[in-house]
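All values reported here derive from a predicted model rather than from experimental measurement. Both counts, for ligands and for their atoms, begin at 1 and track the order of listing.
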Amino acid sequence: MATLTYYGHATWGLETQGISILIDPFFTGNPMTKVKAAGTAANFIILTHAHGDHYGDTVEIAKRTGATLISNFEIVAYCQKQGVANAHPMHIGGSYAFPFGRAKLTVAHHGSSFPDGTYGGSPAGILLEIEGRRLYNAGDTALFSDMALIAQGGLDVAILPIGDNFTMGPEDAAAAAKLLGARTIIPEHYNTWPVIQQDPQAFRRRVEGSTDSKVVVLEPGATFKIP
Ligand code: NI
Ligand code: MN
């Protein structure tokens, strides 16, 4: 059974079949976690886009662990220049069968420049097929109706930003939940800073009152076994 660990903001761990995956590994400067980048393990790192609150400690962790970086072509090329040895470039709409399962980069409506201003290609969401379960991480994005296409084939888990200001807020994320029809919805990208302060329990009540989805609110450090 695959297990998700929430590190706060938009940083996730995913353990499956003895393989450790980090998604958007932002530890240094992340006010939501006490976990240090140096204490993390990873076989793979998946990066949705190049913004500092997602790119975070990618290079340091990849160099130390030898993890394979999975991201768009531009992000992979940039990180290889920083000394990341193992990487697998992809792009929007493409999928590939990795040892942990299939990963697809999906559309996200957002930006993707690195902290130094370098162009980071198109931002992405991630669709994962792991141990027979389908997990969608929307990444940083606005609401868009093509989420209904991403959900074709059914979703077990959808991770959605609810912080507003930089991404969907709770109202649009609830509309996204309706389009996605996932069994479980997990909110992210909120309460890291005052500008994205939200009440995840109010989001839970809103979604559970208007869809058949169950909302799981995770405290940083908490885990969720994908049923
Ligand atoms: Ni962003
Ligand atoms: Mn962000």
Asker: Are Y7 and W12 an aromatic pair by the rule of ring centers under 6.0 Å?
Answerer: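 No; W12 has its ring centre 6.0 Å or more from that of Y7.
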Asker: Any N/O/S atom from H54 (main chain or side chain) under 2.8 Å of the Mn ion (ligand 2)?
Answerer: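 Yes, within the cut-off.
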Asker: Taking the Ni ion (ligand 1) as the center, what protein N, O or S atoms are found at less than 2.8 Å?
Answerer: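 Under 2.8 Å from the Ni ion (ligand 1) - ignoring waters, which are not counted - the protein N, O or S atoms are H49 NE2, H51 ND1, H110 NE2, D140 OD2.
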Asker: Partners of S213 by side-chain hydrogen bond (donor to acceptor under 3.5 Å, both in side chains), sequence neighbours excluded?
Answerer: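 Scan of S213 (side-chain hydrogen bond (donor to acceptor under 3.5 Å, both in side chains), adjacent residues dropped) gives none.
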Asker: Quick check on Q201: does its CD atom have over 12 non-hydrogen neighbours (other residues, nucleotides or ligands) under 6.0 Å away?
Answerer: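 Correct, the count exceeds 12.
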Asker: With a cut-off of 2.8 Å, does H49 put an N/O/S atom close enough to the Mn ion (ligand 2)?
Answerer: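 No N, O or S atom of H49 is closer than 2.8 Å to the Mn ion (ligand 2), so no.
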Asker: Quick one: report the N, O or S atom of D53 that is nearest to the Mn ion (ligand 2).
Answerer: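 Checking each N, O and S atom of D53, the shortest distance to the Mn ion (ligand 2) belongs to OD2.
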Asker: I'd like to know whether the aromatic ring centres of F73 and H91 sit less than 6.0 Å apart in this structure.
Answerer: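 F73 vs H91: aromatic centres not under 6.0 Å.
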Asker: Under the 3.5 angstrom rule, does the side chain of T118 hit a backbone N or O of F114 as a donor-acceptor pair?
Answerer: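 Flag not set: sc T118 to bb F114 has no pair under 3.5 Å.
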Asker: Tell me which pairs pass salt bridge (Lys or Arg N to Asp or Glu O under 4.0 Å) where either residue lies in residues 176-188, with sequence neighbours left out.
Answerer: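 Non-adjacent pairs meeting salt bridge (Lys or Arg N to Asp or Glu O under 4.0 Å): D156-R183.
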Asker: Please report whether the ring centroid of H54 lies less than 6.0 Å from that of H110.
Answerer: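 No: the rings miss the under 6.0 Å criterion.
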Asker: Among pairs that include at least one residue of residues 99-114, which meet salt bridge (Lys or Arg N to Asp or Glu O under 4.0 Å), considering only residues two or more places apart or in two chains?
Answerer: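 Listed once each, the pairs would be none.
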Asker: For the Mn ion (ligand 2), which N, O or S atom of D140 is at the shortest distance?
Answerer: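 Output for this pair reads OD2.
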